[in-house]
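Here the structure is laid out as structure tokens; the discussion comes afterwards.
Here is how names work: the chains are called A, B, and so on, in the same order as the sequence lines, proteins then strands, and each is numbered from 1.
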Amino acid sequence: MAWLKVSDAFGAPVGTKVTVKGWVRTRRDSKADGGLSFVAVHDGSCFEPIQVVARADLPNYAAEIAKLNTGCSVEVEGELVESQGKGQSVEIAADAVRVVGWVDDPDSYPVQNKRHTFEFLREVAHLRTRTNTFGAVARVRHRLAMGVHRFFDERGFYWVHTPIVTASDAEGAGQMFRVSTLDSVNPPRTPEGQADFDKDFFGREAHLTVSGQLNVETYCCSLSRVYTFGPTFRAENSNTARHLAEFWMIEPEIAFADLADNAQLAEEMLKFLIDDLLTARPDDMAFFDLRIEKGLIDALKHVLETPFRRLPYTEAIEVLKSSGKKFEFPVEWGKDLQSEHERYLTEEKFKQPLIITDYPKDIKAFYMRLNDDGKTVAAMDVLVPRIGEIIGGSQREERLDVLDSRLEEMGLEKEDYWWYRDLRRYGTVPHAGFGLGFERLIQFCTGMQNIRDVIPFPRAPRQCEF
RNA sequence: UCCCCGAUAGCUCAAUGGUAGAGCGAGCGGCUGUUAACCGCUAGGUUGCUGGUUCGAGUCCAGCUCGGGGAGCCA
């Protein structure tokens with residue numbers, strides 16, 4: 001008797017003898033036909049649980065089966081049969097139901113057969129994966145991750161494992177977490193009284209990475225098409241539904257490429273991932289469409305069918321100024337776009353993903369390539385409805401003299417970037433890349449409103465329980 | 001970090017400064033090839049924490065913690 005995943009049991013021919021193992025989602029009893037119980041069992045292999053029909057003549061019926069609660073783990077042997085009831089095509093007529101694990105106190109078991117708020121479920125993150133929503137999120141997250149690797153592999157990209165720990169403290173993307181083995185209460189001191197990082201594990205200050213970009217550029221300048229996909233850490237005190245202290249980021253980097261190539265790659269990638277997800281997980285996506293975000297599937301299909309609109313920053317400013325909308329923050333060339341501006345452009349004005357390009361150099365990072373106008377850099381942000389910025393990227397400055405003057409302008413030390421500058425000294429090439437926030441992608445694809453609900457164990461300020 | 005709102009049963013929420021309640025869930029029973037099942041009964045509380053005002057605080061005040069919405073930082 002084959003032990004099948006629930007998803008495989010659904011696809012097996014009627015009459016097959018099967019074993020399934022999983023957790024009870026609900027139990028309903030009936031006195032008809034001498035008594036029977038309907039036990040819905042899920043094992044994570046698909047959205048729908050399978051219905052097990054356990055009759056009262058089973059030896060452990062009264063003592064065990066009739067006492068099953070939501071959350072109990074069971075092994076079921078039986079025959080796959082056509083269902084007599086509505087709501088499912090097949091079910092398992094049980095020959096045996098073995099209880100593997102009971103629920104200790106059903107009254108206080110957090111994941112009861114009722115609606116729960118996501119805020120509550122976040123407090124029981126170790127159990128929330130048993131719910132419809134979080135099971136679906138987990139499967140979608142997996143599919144999107146595999147889709148990322150497949151997309152790049154099919155196009156000749158290499159996955160580069162850039163370091164998690166970095167000594168570069170000037171990557172320019174915000175506050176970093178320190179990595180240290182020094183005694184945090186009484187560290188060794190320099191003569192000046194500062195903590196002496198020469199005595200630290202790495203012999204210098206070290207932090208968790210905020211981006212693999214600078215490292216992956218080195219591989220780009222030899223392997224041509226590369227990407228990173230790994231955890232990233234920001235110690236910003238951000239308390240929003242779209243920021244985490246630990247999140248996953250995908251950073252492709254392509255050689256002999258400019259900003260237009262970069263934008264095209266970003267668009268192709270997002271469309272590939274959405275298409276693949278809709279094809280591979282129709283069950284979970286139907287759930288998100290029905291219960292989480294009405295119209296989600298149509299909106300994603302619309303994204304697939306519509307070319308992303310390219311919009312230079314300077315034009316975006318003009319569109320905003322002539323919109324007639326009252327914004328809380330003034331629209332002015334040279335200032336960064338505010339959330340309300342981005343939302344107006346992508347949700348109201350154009351109602352589609354936008355790629356804003358060529359931002360003023362003063363609001364962007366040192367490594368972005370200076371345009372011929374001397375005022376803007378070859379940067380791009382991809383904005384999508386509901387989420388806002390999902391991708392940020394740029395063509396990189398490949399000219400050493402321009403890079404150096406940018407470093408100087410921004411008060412950065414050339415010596416700190418010695419190996420990054422070497423890439424421009426030895427066989428430099430135009431190249432470009434971007435960063436895609438993986439959790440924001442999952443939010444976009446599922447309609448989940450809070451980023452803390454699309455990562456298994458969210459890390460945020462004052463939140464590190466699990 | 002800033003602005004606004006909130007924290008009461010396992011969960012979602014009620015309760016003029018004066019005896020702490022409902023729905024869902026849970027337990028028991030009834031009914032039914034059930035499926036957001038339905039009907040009846042029962043149990044379930046240090047009202048987030050600390051302090052203050054008051055004869056009396058879930059309710060008013062202060063601080064703290066946590067959560068939500070918005071903003072900034074960004075992906």
Side-chain angles (χ1 to χ4, degrees), chain A residues 25-40 48-55 66-67 69-71 81-88 91 93 103-124 127 132 171-175 210-213 231-251 266 291 327-329 336-340 342-343 363-365 381-384 387-393 434-444 449-452 455 460-463 465:
Chain A
R25 182 151 280 151
T26 61
R27 191 199 84 234
R28 295 176 295 276
D29 303 324
S30 172
K31 285 286 155 55
D33 297 347
L36 67 166
S37 290
F38 301 95
V39 186
E48 288 296 330
I50 196 162
Q51 175 159 286
V52 172
V53 180
R55 299 201 167 269
K67 294 186 187 333
N69 298 105
T70 302
V81 298
E82 280 182 33
S83 180
Q84 297 173 35
K86 291 171 183 154
Q88 60 282 317
E91 62 194 19
V103 165
D104 184 42
D105 176 15
D107 187 39
S108 61
Y109 177 62
V111 185
Q112 290 159 348
N113 182 31
K114 71 185 289 290
R115 284 226 173 147
H116 283 106
T117 60
F118 293 144
E119 292 81 13
F120 167 70
L121 289 171
R122 233 169 272 150
E123 295 170 9
V124 286
L127 298 173
N132 282 334
E171 287 175 5
Q175 292 295 312
V210 292
S211 166
Q213 180 202 318
T232 309
F233 307 87
R234 305 267 167 99
E236 299 288 349
N237 193 4
S238 296
N239 294 286
T240 79
R242 51 183 197 289
H243 288 87
L244 289 166
E246 176 185 279
F247 64 100
W248 287 61
M249 188 155 62
I250 297 141
E251 297 174 288
R291 299 288 162 143
F327 293 109
E328 187 186 343
F329 292 91
D336 212 350
L337 298 179
Q338 303 290 321
S339 287
E340 56 174 347
E342 296 180 346
R343 213 177 305 130
I363 57 173
K364 289 294 182 182
D381 281 358
V382 179
L383 310 180
V384 296
I387 308 298
E389 185 179 346
I390 198 169
I391 283 177
F434 61 81
L436 166 66
F438 188 51
E439 284 75 21
R440 288 187 184 175
L441 173 69
I442 300 170
Q443 285 187 274
F444 182 60
Q449 292 190 343
N450 196 310
I451 201 167
R452 298 175 191 199
I455 191 167
R462 307 197 62 89
Q463 182 171 29
E465 174 70 16

Results of side-chain hydrogen bond (donor to acceptor under 3.5 Å, both in side chains) for [X] - residues two or more places apart only:
{"X": "A:E439", "result": "A:R141"}
{"X": "A:D107", "result": "none"}
{"X": "A:D29", "result": "A:R27, A:S37"}
{"X": "A:Q463", "result": "A:R452"}

Expressed in angstrom and rounded to an integer, what is the separation of [X] atom [atom1] from [N] atom [atom2]?
{"X": "A:D105", "N": "B:G25", "atom1": "CG", "atom2": "P", "result": "17 Å"}
{"X": "A:Q88", "N": "B:G33", "atom1": "CD", "atom2": "C1'", "result": "9 Å"}
{"X": "A:E82", "N": "B:G33", "atom1": "CD", "atom2": "C1'", "result": "15 Å"}
{"X": "A:E439", "N": "B:C74", "atom1": "CD", "atom2": "P", "result": "18 Å"}
{"X": "A:E342", "N": "B:C73", "atom1": "CD", "atom2": "P", "result": "9 Å"}
{"X": "A:F444", "N": "B:A75", "atom1": "CZ", "atom2": "P", "result": "18 Å"}

If only side-chain N and O atoms of [X] are considered, is one of them under 4.0 Å from the OP1 or OP2 phosphate oxygen of [N]?
{"X": "A:Q338", "N": "B:G72", "answer": "yes"}
{"X": "A:N239", "N": "B:G70", "answer": "no"}
{"X": "A:R343", "N": "B:A71", "answer": "yes"}
{"X": "A:T240", "N": "B:G70", "answer": "no"}
{"X": "A:S238", "N": "B:C73", "answer": "no"}
{"X": "A:N237", "N": "B:G72", "answer": "no"}

Base, sugar-phosphate, or nothing: which does [X] touch, judged by heavy atoms less than 4.0 Å apart?
{"X": "A:E328", "value": "nothing"}
{"X": "A:T117", "value": "sugar-phosphate"}
{"X": "A:Q443", "value": "nothing"}
{"X": "A:D29", "value": "base"}
{"X": "A:Q51", "value": "base"}
{"X": "A:I391", "value": "sugar-phosphate"}
{"X": "A:G435", "value": "sugar-phosphate"}
{"X": "A:Q84", "value": "base"}

- Would you write the dot-bracket representation of RNA chain B, where each base gets (, ), [, ], | or . depending on whether it forms a Watson-Crick or G-U pair under 3.5 Å and with which partner? (((((((..((((....[..)))).(((((.......))))).....(((((..]....))))))))))))....
Counting heavy atoms from C-beta on, name the nucleotide in [options] closest to the side chain of [X].
{"X": "A:A32", "options": "B:G72, B:G23, B:G33", "value": "B:G33"}
{"X": "A:F329", "options": "B:C11, B:C74, B:A71", "value": "B:A71"}
{"X": "A:E236", "options": "B:A26, B:A71, B:C73", "value": "B:C73"}
{"X": "A:R55", "options": "B:G67, B:G33, B:C28", "value": "B:G33"}
{"X": "A:N69", "options": "B:A26, B:A75, B:G30", "value": "B:A26"}

Is there a side-chain contact between [X] and [Y], using heavy atoms and a 4.5 Å cut-off?
{"X": "A:Q112", "Y": "A:T70", "value": "no"}
{"X": "A:I387", "Y": "A:R242", "value": "no"}
{"X": "A:V53", "Y": "A:F38", "value": "yes"}

Is there a donor-acceptor contact under 3.5 Å from the side chain of [X] to the main chain of [Y]?
{"X": "A:Q443", "Y": "A:Q449", "answer": "yes"}
{"X": "A:E236", "Y": "A:Q175", "answer": "yes"}
{"X": "A:H243", "Y": "A:R234", "answer": "no"}

- Strictly by modelled atom types, are A:R28 and A:T26 linked by a side-chain donor-acceptor pair under 3.5 Å? yes
Can you tell me, in whole Å, how much space there is between the [atom1] of [N] and that of [M]?
{"N": "B:G69", "M": "B:C28", "atom1": "P", "value": "39 Å"}
{"N": "B:A43", "M": "B:C2", "atom1": "C1'", "value": "46 Å"}
{"N": "B:U47", "M": "B:U42", "atom1": "C1'", "value": "23 Å"}
{"N": "B:G63", "M": "B:A15", "atom1": "C1'", "value": "27 Å"}
{"N": "B:G17", "M": "B:U54", "atom1": "C1'", "value": "9 Å"}
{"N": "B:U50", "M": "B:U65", "atom1": "P", "value": "15 Å"}
{"N": "B:G44", "M": "B:A22", "atom1": "C1'", "value": "14 Å"}

- Task: Nearest 0.5 Å please: distance from the CD1 atom of A:I455 over to the CG atom of A:N450.
- Result: 11.5 Å
Report yes or no: is there a donor-acceptor pair, N or O only, under 3.5 Å between the side chain of [X] and the base of [N]?
{"X": "A:R115", "N": "B:G25", "answer": "no"}
{"X": "A:E91", "N": "B:G33", "answer": "yes"}
{"X": "A:R28", "N": "B:C38", "answer": "no"}

- 5' to 3', nucleotides 41-46 of chain B under a 4.0 Å protein heavy-atom cut-off (B base, S sugar-phosphate only, - none) gives ------
- Query: Can A:F38 be called stacked on B:G33 when the rule is centres closer than 5.5 Å and an angle between planes below 30°?
  - Reply: no
- Message: By the definition side chain to side chain contact (heavy atoms under 4.5 Å, CB included), identify the one residue from A:R343, A:E342, A:E389 that meets it with A:L337.
- Response: A:E342
